[in-house]
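As a basis for the values below, the full set of heavy atoms in this structure was taken, side chains included, without hydrogen atoms, waters or symmetry mates.
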Amino acid sequence: METLQKTSDFANGGVSFWFRDIGLPAKRAPLPGPIDVDVAIVGAGLTGLWTAYYLAQASPDLKIAIVEKEFAGYGASGRNGGWLSGEPAGQFRRYAKTHGADSAKRLQRNMFDTIDEVISVASREDIDADIVKDGLIHVATNAAQLQRLTHHVDHLRTQGWGADDLFLLTPSELGERVQVAGARGGFWTPHCARIHPAKFMIGLAAAVERLGVTIYEDTAADSISAGTVTTGRGTVTARYVVQALEGYTDSIAGQRRKLMPMNSSMIVTEPLSPSVWAEIGWPGAELVGDSGHSFAYSQRTADGRIALGGRGVPYNFASSFAADGSTAHKAVGQLMEKLQAMFPAVAGSSVQHTWSGVLGVPRDWCAAVNFDRRTGIANAGGYVGHGLTGTNLAARTLRDLILGDDTELTRLPWVGRHARRWEVEPIRWIGASALYAAYRHADRRETHSPRPETAITAKIADTISGR
């Protein structure tokens, strides 16, 4: 039986395939020394760039500076799977518990609207990032997944997803969109668009600079306090400080346990032949994910590849990770196995690149947007994998909070949310490792079982993790 192959020039790391595709950008100049601005933003990922974009548009007189350790888009913003998705950046039940169901539903509707907002900005700013809004498909490949998926759809119906937001698919209806091996059914939502992350980041950074914002790269922030960002290249004094570090939050003094930097890894194939695509039958640009506990996500790229990602090795001891995005061989093998299981027609094709990045996960698995008017410090993050859309909504919320505007956005249930810190090491590493081992065990058990019930190991893991 043919299997996926690694080409001789198989790349591991180097930030991501997305940047390999277009080339790494030349770094901007670092901070030249101490400066004084109105708004200092730490981190030139999507949260930081979007916040600068909307603040500069709303108040052109503001002097705004961004400091970035590497270059704009170096982190998860330039490494993700390219899902501009309307799925919630947190757990509905937790937002509803603190602010009521109607408030949680408003957050969900705003996530839907944000997809079109991002696409509108891309058009207005002439950002060509292979964006196509063909929606998102989730697929069930065994009895337990199908039962979970059906229940999930029922829950979404109670959480603000209307008749035009979500459509169950029979196996034959699913097959008209994409052929996933062993598919028992699925659902499709129009609220998702494919995007090329690196192309988008390059374009957004340029748009921010056109608005008069200065981006200082190769400038690492060491600490953040009221009115001050301390870096090795000088101190930035500001009326407002926005922390936009997501999975890199633990790099700031005193914040090591605020967000867990969770690894997510990806592989991408060579451009597939027309005969392979004919077997897969994926003519559109829908994003495709499975319903396993060790979730896999994929896209058909504009140049005819499949890029597929998953958790791989989700957490390393003491929040460590490979900054250059290199992926453990074990994780590469798991992703190749998943890709071939979903799309057997890729057998004999080559995988050309693998890379990894980290996303920020709060202890309650819910994104948060915070602003302390007394200190002038703002922050947003914890998007739990839905940051392509969540960052834009969070940034517009930060804009309103900083400018003192009372809007629908400032009343969303993720505003002012604070989760407890993660456990200390080695408890955190032991717990994360055990939980994902349990999820992988549950996936294997469900794959080989005709029973529709979710494996008990996954139920226990969900309870312990708080997912």
Side-chain angles (χ1 to χ4, degrees), residues 1 3 87-88 91-94 136-159 161 166-189 262 264 280-281 286-298 308-315 330-331 333-347 365 384-385 430-467:
M1 177 178 164
T3 59
E87 294 186 310
Q91 297 194 355
F92 181 93
R93 62 185 174 86
R94 288 200 165 107
L136 166 65
I137 296 170
H138 278 289
V139 180
T141 58
N142 58 53
Q145 286 187 14
L146 182 61
Q147 184 178 73
R148 261 196 319 276
L149 181 145
T150 304
H151 287 169
H152 182 56
V153 168
D154 290 341
H155 283 303
L156 291 177
R157 296 286 191 206
T158 70
Q159 296 173 9
W161 295 62
L166 199 60
F167 300 85
L168 277 170
L169 300 174
T170 65
S172 60
E173 290 171 332
L174 175 62
E176 293 174 2
R177 292 178 177 272
V178 60
Q179 294 284 344
V180 176
R184 304 286 189 92
F187 73 79
W188 174 79
T189 171
M262 180 173 288
S264 199
I280 296 173
E286 299 98 336
L287 289 304
V288 177
D290 75 348
S291 300
H293 304 289
S294 301
F295 177 63
Y297 50 93
S298 62
L308 179 140
R311 293 293 175 257
V313 180
Y315 180 73
K330 176 183 177 181
Q334 291 171 350
L335 293 175
M336 291 175 68
E337 183 179 338
K338 172 62 72 172
L339 176 59
Q340 190 161 341
M342 292 180 69
F343 307 109
V346 302
W365 294 79
V384 292
I430 293 171
S433 300
L435 287 170
Y436 275 88
Y439 286 133
R440 287 190 293 270
H441 175 271
D443 282 331
R444 289 192 298 270
R445 187 175 184 85
E446 291 173 5
T447 296
H448 297 99
S449 172
R451 298 175 62 84
E453 292 82 15
T454 291
I456 187 65
T457 50
K459 293 180 179 179
I460 294 171
D462 283 344
T463 300
I464 294 172
S465 68
R467 288 178 63 178

Straight-line distance of [X] [atom1] to [Y] [atom2], nearest 0.5 Å:
X: Leu335; Y: Ser298; atom1: CG; atom2: OG; result: 11.5 Å
X: Ile456; Y: His441; atom1: CD1; atom2: NE2; result: 11.5 Å
X: Glu453; Y: Gln147; atom1: CD; atom2: CD; result: 6.0 Å
X: Thr158; Y: Asp154; atom1: OG1; atom2: CG; result: 8.5 Å
X: His151; Y: Leu146; atom1: NE2; atom2: CG; result: 9.5 Å

Test side chain to side chain contact (heavy atoms under 4.5 Å, CB included) on Asp290 and Lys338 and set out the steps. CA-CA 10 Å; Asp290 75 348; Lys338 172 62 72 172; 2.9 Å; yes
Ignoring hydrogens and angles, tell me if any N or O in the side chain of Ser449 forms a donor-acceptor pair with the backbone of Arg445 under 3.5 Å. no
Would you say Gln145's side chain and Thr141's backbone share a donor-acceptor pair under 3.5 angstrom? yes
Non-hydrogen atoms of [X] and [Y] that approach each other most closely:
X: Phe187; Y: Val153; value: CD2-CG2, 3.6 Å
X: Ala341; Y: Pro344; value: O-CD, 4.1 Å
X: Tyr297; Y: Gly310; value: CE2-N, 3.5 Å

Between [X] and [Y], a side-chain donor and acceptor under 3.5 Å:
X: Ser291; Y: Arg148; answer: no
X: His138; Y: Glu87; answer: yes
X: Tyr439; Y: Thr457; answer: no

Walk me through whether Leu308 and Met342 qualify under side chain to side chain contact (heavy atoms under 4.5 Å, CB included). CA-CA 10 Å; Leu308 179 140; Met342 292 180 69; 4.1 Å; yes
Side chains of [X] and [Y]: closer than 4.5 Å at any heavy-atom pair?
X: Leu287; Y: Ile137; answer: no
X: Phe92; Y: Leu156; answer: no
X: Leu174; Y: Val139; answer: yes
X: His155; Y: Arg93; answer: no
X: Thr189; Y: Trp161; answer: yes

Charged tip of Arg177 within 45° of Trp188 ring normal and under 6.0 Å: yes
Is the count of non-hydrogen atoms from other residues, nucleotides or ligands lying under 6.0 Å from Glu173 atom CD greater than 12? yes
Is the number of heavy atoms from other residues, nucleotides or ligands within 6.0 Å of CZ (Arg157) greater than 12?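 Above 12, so yes.
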Checking side chain to side chain contact (heavy atoms under 4.5 Å, CB included) for the pair Arg184/Leu149: CA distance, chi angles, key distance, verdict? CA-CA 10 Å; Arg184 304 286 189 92; Leu149 181 145; over 6 Å; no
